[in-house]
Amino acid sequence: MSQYETLIVEQREGGVTLITLNRPQALNALNSQVLSELIAALEAFDADASQGCAVLTGSAKAFAAGADIKEMQAMDFAAMYGTNHFGGYDRVTATRKPVIAAVAGYALGGGCELAMMCDFILAADTAKFGQPEIKLAVSPGMGGSQRLARAVGKAKAMEMCLTGRMMDAAEAERAGLVSRIVPADDLVEEAVKTAATIAGMAPLAVKANKEMVNAAFETGLTQGVAFERRLFHGLFGTADQKEGMAAFVEKRPGNWTGR
Ligand code: CO8
């Protein structure tokens, strides 16, 4: 039994947490309840040593069609700024274990931004990405202008933000927004399988790899390479490095302790 109203959270075999956005009547529009439940689910996932990788998905029709327009409609500047509305989504990117976004159907506005907060996006062939906020006379507000520009470059990001046009899965893959495209019917199982592969790696190495790739977007090259090297050196202080290299030499699978 899920303790959430807007999410379904399941633990799958191999240390995979599958989180499904579940507001079908609003195409998974992100309201304050979704935010608080998602943060709670991700914090529980991060704290559970039996879980190694999460998958965040929506429905076949929509990953999420954006922030909930009906909830925001009447809000004024004081309400938005005063409460730092949706600032809590920053917590998604603070998750230390990897989170894969499995996107089918619409990922629009805040939905596209939420997918981009995950560590990578696996797209169904039905996926459609867009930042249509300009049509509502607003703009991305959950990092979309920054993450989309970093993911697909200025030209496409600017065109998408200024026109609100959607990108289909093929264009998103060509542009580097998604890691790969899979048939819609296989999306969730393929994402869970990929997550299980990650969850089967040595846990400290997983955290270190995630942290160093993310550093590429926060630092210059020299600093980023130095950061990578320090973490790489640090992994030689772990029992799992000894186990991983011994297992290779002895031609057997590694048996990780997370230490
Ligand atoms: N918010 C609230 N309800 C929504 C949303 C949304 N974003 N999207 C869809 N719904 C609701 C519809 O109102 C409708 O409800 P009802 O049946 O009660 O009328 C139901 O979901 C089904 O939607 P449609 O009938 O419109 O379905 P269609 O298949 O005809 O169309 C679309 C699908 C094209 C996805 C269409 O629903 C659409 O354009 N949705 C809005 C997309 C959009 O503009 N998204 C951006 C929202 S703004 C945003 O995300 C800002 C992010 C930053 C916030 C940061 C705050 C600090």
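Atoms within each ligand, like the ligands themselves, are counted from 1 in listed order. All figures in this text were calculated on a predicted structure; none of them were measured in a lab.
- Distance remark: protein heavy atom present below 4.0 angstrom from atom 48 (S) of ligand 1.
- Here is the list of ligand 1 atoms found below 4.0 Å of a heavy atom in P132: 43 (C), 44 (O), 45 (N), 46 (C).
- Atom 1 (N) of ligand 1 is approached by the protein to below 4.0 angstrom, counting heavy atoms only.
- What you find for C112 and G130 is that their closest heavy atoms are CB-O, 3.6 Å.
- Contact annotation for atom 13 (O) of ligand 1: protein present (non-hydrogen atoms, distance under 4.0 Å).
- Using a 4.0 angstrom heavy-atom cutoff, E71 does not count as in contact with ligand 1.
- Under a cut-off of 6.0 angstrom, the local environment of CE in M80 is crowded, with over 12 non-hydrogen atoms contributed by other residues, nucleotides or ligands.
- Under the 4.0 angstrom criterion, atom 36 (C) of ligand 1 counts as lacking any protein heavy-atom contact.
- Using a cutoff of 4.0 Å between basic side-chain nitrogens and carboxylate oxygens, K135 and E133 are not scored as salt-bridged.
- Close N/O approach between K70 and ligand 1 is found [any backbone or side-chain N/O within under 3.5 Å].
- Contacts of L136 with ligand 1, taken as heavy-atom pairs under 4.0 Å, involve the side chain alone.
- Across the listed options H85, E133, Q131, H85 owns the non-hydrogen atom lying nearest to atom 57 (C) of ligand 1.
- In this comparison of A65, C112, A64, G111, the heavy atom closest to atom 42 (C) of ligand 1 sits on A65.
- Of the N or O atoms in G110, one or more lie within a sub-3.5 Å distance of an N or O in ligand 1.
- Taking OG of S59 as the reference point, atom CG of L27 lies at 7.0 Å (rounded to 0.5 Å).
- Closest heavy-atom contact between I100 and A191: CD1-O, 4.0 Å.
- Looking at ligand 1, you won't find any N or O of G141 less than 3.5 Å from one of its N or O atoms.
- If you look at A29 next to ligand 1, the close heavy atoms, those under 4.0 Å, all belong to the side chain.
- Between V99 and V92, the closest side-chain pair of non-hydrogen atoms is not below 4.5 Å.
- Of the protein's heavy atoms, A26 O, 3.7 Å lies nearest to atom 10 (N) of ligand 1.
- Checked by distance only, ligand 1 and M80 stay at 3.5 Å or farther apart across all their nitrogen or oxygen atoms.
- Interatomic distance, CG of L136 versus CE of M72, reported as 7.0 Å (0.5 Å rounding).
- Geometrically, ligand 1 and K61 share a nitrogen or oxygen pair separated by less than 3.5 Å.
- Under the 4.0 Å criterion applied to side-chain N and carboxylate O atoms, E243 and R252 are assigned as salt-bridge partners.
- Remark: minimum distance from atom 31 (O) of ligand 1 to any protein heavy atom is reached at L27 CD1, 4.5 Å.
- Taking 4.5 Å as the limit, some side-chain heavy atom of F129 sits within range of a side-chain heavy atom of V178.
- For atom 26 (O) of ligand 1, no protein heavy-atom neighbour is found at a distance under 4.0 Å.
- The shortest contact between atom 38 (C) of ligand 1 and any protein heavy atom is with L108 CD1, 4.8 Å.
- Within 6.0 Å of CD on E13 lie no more than 12 heavy atoms contributed by other residues, nucleotides or ligands.
- Atom NZ of K128 has 12 or fewer neighbouring heavy atoms from other residues, nucleotides or ligands inside a 6.0 Å radius.
- At a 4.0 Å cut-off, at least one heavy atom of E113 sits close enough to ligand 1 to count as contact.
- Near Q25, meaning under 4.0 Å from any of its heavy atoms, are these atoms of ligand 1: 15 (O), 20 (C), 21 (O).
- Each of the atoms 1 (N), 2 (C) of ligand 1 lies under 4.0 Å from some heavy atom of D68.
- One distance of note links CG of D240 with OG1 of T257; it measures 4.0 Å at 0.5 Å rounding.
- Nearest approach of A208 to L235, heavy atoms of both residues: CB-CD1, 4.0 Å.
- Where the criterion is an N or O separation shorter than 3.5 Å, residue side chain and backbone included, F86 fails it with respect to ligand 1.
- No more than 12 heavy atoms of other residues, nucleotides or ligands sit less than 6.0 Å from atom CZ of R229.
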